[in-house]
Number of protein chains: 2
Amino acid sequence: MKIGIVGLGLIGGSLAIDWHPHHRIIGVSRSAETIRQALEAGIIEDGGASLALLSGCEVIFICTPIDHVLSAIEALAAVVPTGTVLSDVASVKGAIVPAAEALWPTFVGGHPMAGSAAQGLAAAQARLFVGRPYVFTPTAATPKAALEVVAGLVGQLGARIYYCAAAEHDRAVARISHLPVFVSAALLANLEASGDALAAELASSGFFDTSRVGGGNPQLGTAMAAWNREALLAELHRYREQLAFFEQQIALGEWQALEQSLQRCQQVRRQIFAPPPATGDSG
Amino acid sequence: MKIGIVGLGLIGGSLAIDWHPHHRIIGVSRSAETIRQALEAGIIEDGGASLALLSGCEVIFICTPIDHVLSAIEALAAVVPTGTVLSDVASVKGAIVPAAEALWPTFVGGHPMAGSAAQGLAAAQARLFVGRPYVFTPTAATPKAALEVVAGLVGQLGARIYYCAAAEHDRAVARISHLPVFVSAALLANLEASGDALAAELASSGFFDTSRVGGGNPQLGTAMAAWNREALLAELHRYREQLAFFEQQIALGEWQALEQSLQRCQQVRRQIFAPPPATGDSG
């Protein structure tokens, strides 16, 4: 199959690495250096800065930052033939899918839950998606054949494929990916506001882990909030109530009830991460 | 020097491992099996279940769970001669130090910021304290000679020694150790309350790290809250205000301000963890 990839970063580059032995990959990037490196690595057959290079592709994966997905679809609509399958990899779907479908009927919303803290083509790696979730959010308007094409390709990556509504996806990632960013960032903001130099000196592996995602890419954190705003605000509200519940147990000295609450938390985490955790991270 | 250690778990056992080549170590544990293993490993010279075994020790480290520190001091007071130096390793100091001093004048409050998720003598390891913070909280009543004895021994461990007031210590650990436990646990409680099976399936390394300390030992989390209640409640209050600030920025769509907030968080974390983080964790 002839596959186009727009954006050869961590995700786009990793897709190219896994697919290029079996397919013809054409890459598009605004960076000439990225194209040069992808050609040199042999993971794309051809590439450049122009979307017109993708006019002969049967399926095109848009692997740009969230903010550029819709403009990329709009630009592609002017240069690729009707029926070309387009799919994205953005970590939010509700704000993308209906708009994308209005621009291009053969669109399939997707989100691979894989990645790392690193960025760019240099961070791309083979077998990044093996055993990782890959979520599709088809609608009633999604052509069955288009969904089958992208699901077939993603199946070759060894990913675990899930199908759900965009809103269902967005609620789930708000809970386990976007909310933790702000919960974690608030720990850092609280420490900074305290001006407590001793606390900064004493911070150990517990604080290191719990503050990791909050100390991550500020642009990505902001994009998550901007594009998944409603679901994130709902989770922040529910989260605050949970925290207030613990706070009340502590204020009232209800130690037995608090220990039972923490026991449930321990069980929940053991259920979720029963097998060894994957090293990948959600974009 | 003849050193007594009450409680041969992760901390007490690791102290014995590092000190036994240079000192005579007497261990006390309620578990006969633990004493047998410590004798077999050669890290104690003698040991048993009775505190009377420690009557000839110049300094005794109490390495029990927080809840047993004061009762251990009370029991030791009946069997060791006046002037014996007692020190503890509990992760809270304000609720321990004044009461301990009232029971025994030659007492020095201490807290090694080292450990791991594992427990018991089997988790004890050599060089656990190297490069890690070890905080002492002497008061105006602490005999200088007693402080010098324990600081000298801790210096041999390779730890970084800090001196501060008990309240200052408790505020710092509330910020970087106790608060994160409940912030992290509330993420798990929020996920459980949602009943969202898809979210649990999609949880990746970001959720894994951020939920780690909240899914830890429920007894330890409860003890932290019970013994450092005032400082923890103050931090929970400040933390909620920080989180509400982010929530407001998101609700109002102040994306530039939000990105700046997240940039500061990123900088704060880089400042704290500039060198590679230690693998140890705070008890």
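Note that the structure is predicted; figures quoted are calculated from it, not measured. All chains are named by letter (A, B, ...) in the order of the sequence lines, taking the proteins before the strands, and each is independently numbered beginning at 1.
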Please tabulate, one pair per line, all N/O donor-acceptor pairs under 3.5 Å involving side-chain atoms of residues 249-260 of chain B, not counting sequence neighbours.
| unit_1 | atom_1 | unit_2 | atom_2 | d |
| --- | --- | --- | --- | --- |
| B:Gln249 | OE1 | B:Ser261 | OG | 3.3 |
| B:Gln249 | NE2 | B:Ser261 | OG | 3.2 |
| B:Glu259 | OE2 | A:Gln219 | NE2 | 3.0 |

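Of the two parts of A:Tyr239, the backbone and the side chain both hold a non-hydrogen atom closer than 4.5 Å to a non-hydrogen atom of chain B. Both the backbone and the side chain of A:Arg175 come within contact range of chain B, judged by heavy atoms closer than 4.5 Å. For chain A, the nearby parts of B:Phe182 are the backbone and the side chain; heavy atoms of each come within less than 4.5 Å. With a 4.5 Å cut-off on non-hydrogen atoms, A:Phe246 touches chain B through its side chain but not through its backbone.
Between chain B and the residues A:Ala225, A:Ala244, A:Pro133, the largest count of heavy-atom pairs under 4.5 Å involves A:Ala225. Across A:Ala226, A:Ala223, A:Gly216, the residue that shares the most heavy-atom pairs under 4.5 angstrom with chain B is A:Ala226. Of the listed residues A:Ser194, A:Ala200, A:Gly221, the one with more heavy-atom pairs under 4.5 angstrom with chain B than any other is A:Ser194. The choice from A:Asn217, A:Asp196, A:Val268, A:Val135 that makes the most heavy-atom pairs within less than 4.5 Å of chain B is A:Asp196.
Within the model, atoms CG of B:Asn190 and CD of A:Glu241 stand 9.5 Å from one another, a figure rounded to the nearest 0.5 Å. For the atom pair B:Leu187 CG and A:Ser184 OG, the distance stands at 9.0 Å (nearest 0.5 Å). Atom CZ of B:Arg269 sits about 4.0 Å away from atom OG of A:Ser211, to the nearest 0.5 Å. We find the CZ-CD distance between B:Arg160 and A:Glu201 to be 5.5 Å, quoted to the nearest 0.5 Å.
For B:Arg238 (side chain) and A:Leu191 (main-chain N/O), no donor-acceptor pair under 3.5 Å exists by modelled atom type.
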Quiz prompt | Criterion side chain to side chain contact (heavy atoms under 4.5 Å, CB included) on B:Leu262 and A:Thr222, from CA distance to verdict | solution = CA-CA 8 Å; B:Leu262 292 176; A:Thr222 306; 3.8 Å; yes

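The minimum heavy-atom distance linking B:Gln242 with A:Ala189 is given by the pair OE1-CB, 3.3 Å. Minimum heavy-atom separation, A:Cys265 to B:Gly214: CB-O, 3.6 Å. Heavy atoms only, all atoms of each residue included: B:Leu233 and A:Glu247 are closest at CD2-O, 3.7 Å. Between B:Ile272 and A:Ala203, the closest heavy-atom pair is CG2-CB, 3.8 Å. Taking every heavy atom of both residues into account, B:Phe207 and A:Ile176 meet most closely at CB-O, 3.4 Å. Of all the heavy atoms in B:Ser205 and A:Arg212, the pair that sits closest is O-NH2, 3.4 Å.
In this structure A:Arg229 satisfies the salt bridge (charged side-chain N to carboxylate O under 4.0 Å, His left out) test with no other residue, sequence neighbours excluded.
Each of A:Gln266, A:Gln267, A:Arg264 was compared with B:Pro218 under the side chain to side chain contact (heavy atoms under 4.5 Å, CB included) criterion, and only A:Gln266 meets it.
Atom CZ of B:Phe245 has 12 or fewer neighbouring heavy atoms from other residues, nucleotides or ligands inside a 6.0 Å radius.
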